[in-house]
Amino acid sequence: MKIAWRHRWNVTPAEARQLQAEARHRVIVRDDSPVLTFPRRVVALDVGYDRPTNLCFASLVEWDVPAGRPLRTDTHVQPSTFPYVPGLLSFREIPALLPLLRRLRRRPDLIIGDGQGIAHPRRIGLSSHIGVMLDQPSLGWAKSRLIGTHDPLPPERGAAVALLDGDEQIGWVLRSRTACRPTYISPGHRVSLERALELARGLLGPYRLCDPARLAHQLTRELLQRVRAEGPAAYVR
DNA sequence: GCGACAG
DNA sequence: ATCTTGTCGC
Ligand SMILES: [Mg+2]
């Protein structure tokens, strides 16, 4: 896919924060088209890491929503270039995802990132960053909270409460599976708060993560195991 | 100064 | 994220 917004990735944490501060105006928290309520093709992304080798393992899943099955999957292995710093996850994970996004030919209806969208100190978390880069609707679906407060959440699947930063709503806390820890939904790019929740609920399957995201995570794990067993030579870039 | 802190 | 088997609870 064509990359609409490019910038350097070889940055210090301070420069990364500055880039985010300068780019936050690019994030659009409004609905794109009404069609997006029922996306037909979604893409889910995930990245895993191996400390000993400093390698990272990226997976992409193209998912056919009506059919409920993957259309295509892709993976990529390369050295990790940025540490985990709270608030700067984009700079750790996106470099490994770029080759996969370049190889993606068809533009999906929605991209699901494994991390926050606007539920971020500067309102440009991983999922928003990816959406803006590709100028493409995206959704943040995180497994834990980065910032924000919220009321108690009912235990039933589908229950949701607002995630607030002060008096500003930045997303939702969603019970994606009964009696399981919640997940954190926020607009990535070109998606409203309301639509973000509709999309997440519409994508919900039997597990805590939606099927596309779950598969991406599984692929990442399998790839990691495989490279550990066979050695990096045949995989690394 | 201290605790929290996506993956 | 990752290290790791069984175990408790819905
Ligand atoms: Mg992940």
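Here is the naming used below: chain letters follow the sequence lines, and residue numbers restart at 1 for every chain.
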Is there a donor-acceptor contact under 3.5 Å linking the side chains of Ser138(A) and Ser127(A)?
->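 Ser127(A) and Ser138(A) do not have a side-chain donor-acceptor pair below 3.5 Å.
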Do Leu101(A) and Met133(A) come close enough that some side-chain heavy atom pair is under 4.5 Å?
->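 Side chain of Leu101(A) against side chain of Met133(A), heavy atoms only: no contact under 4.5 Å found.
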Check every atom of [options] against the side chain of [X] and return the nucleotide holding the closest atom.
{"X": "Lys143(A)", "options": "dA6(B), dG7(B), dT2(C)", "result": "dG7(B)"}
{"X": "His217(A)", "options": "dG7(B), dA6(B), dA1(C)", "result": "dA1(C)"}
{"X": "Asp114(A)", "options": "dC3(C), dA6(B), dA1(C)", "result": "dA1(C)"}
{"X": "Leu146(A)", "options": "dT2(C), dG7(B), dC5(B)", "result": "dC5(B)"}
{"X": "Pro86(A)", "options": "dC5(B), dT2(C), dG7(B)", "result": "dC5(B)"}

At under 4.0 Å between heavy atoms, what does Gln116(A) touch on the DNA or RNA strands: base, sugar-phosphate, or nothing?
-> base
Under 4.0 Å between any heavy atoms, over every strand shown, what does Leu45(A) touch: base, sugar-phosphate, or nothing? Just pick one.
-> nothing
Residue among Val47(A), Asp46(A), Leu45(A), Val61(A) satisfying side chain to side chain contact (heavy atoms under 4.5 Å, CB included) with His217(A) =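 Answer to the side chain to side chain contact (heavy atoms under 4.5 Å, CB included) test with His217(A) among Val47(A), Asp46(A), Leu45(A), Val61(A): Asp46(A).
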Nearest-Å distance for atom pair [atom1]/[atom2], residues [X] and [N]:
{"X": "Gln225(A)", "N": "dT4(C)", "atom1": "CD", "atom2": "P", "answer": "11 Å"}
{"X": "Arg175(A)", "N": "dC10(C)", "atom1": "CZ", "atom2": "C1'", "answer": "12 Å"}
{"X": "Arg177(A)", "N": "dC10(C)", "atom1": "CZ", "atom2": "C1'", "answer": "10 Å"}

Consecutive-pair stems (at least three Watson-Crick or G-U pairs, under 3.5 Å) that include DNA chain B | none
Classify the ring geometry between Phe91(A) and His129(A) as parallel (under 30°), tilted (30 to 60°) or perpendicular (over 60°).
-> perpendicular
For DNA chain C, list all stems, counting runs of three or more consecutive pairs where every pair is Watson-Crick or G-U wobble with both distances under 3.5 Å.
->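 None - DNA chain C has no stem of 3 or more consecutive pairs.
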Is it true that Asp135(A) and Arg190(A) make a salt bridge, defined as a side-chain N closer than 4.0 Å to a carboxylate O?
->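 The answer is yes: the pair qualifies as a salt bridge.
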salt_bridge(Arg41(A), Glu62(A)) N-O dist < 4.0 Å =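 Salt bridge between Arg41(A) and Glu62(A), a charged N being under 4.0 Å from a carboxylate O: yes.
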What do you reckon, is CZ of Arg30(A) surrounded by more than 12 foreign heavy atoms closer than 6.0 Å?
->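 Not more than 12 within 6.0 Å, no.
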OP1 or OP2 of dG7(B) sitting under 4.0 Å from any side-chain N/O of Ser144(A)?
->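 Checking dG7(B) against Ser144(A), a side-chain N or O does come within under 4.0 Å of OP1 or OP2.
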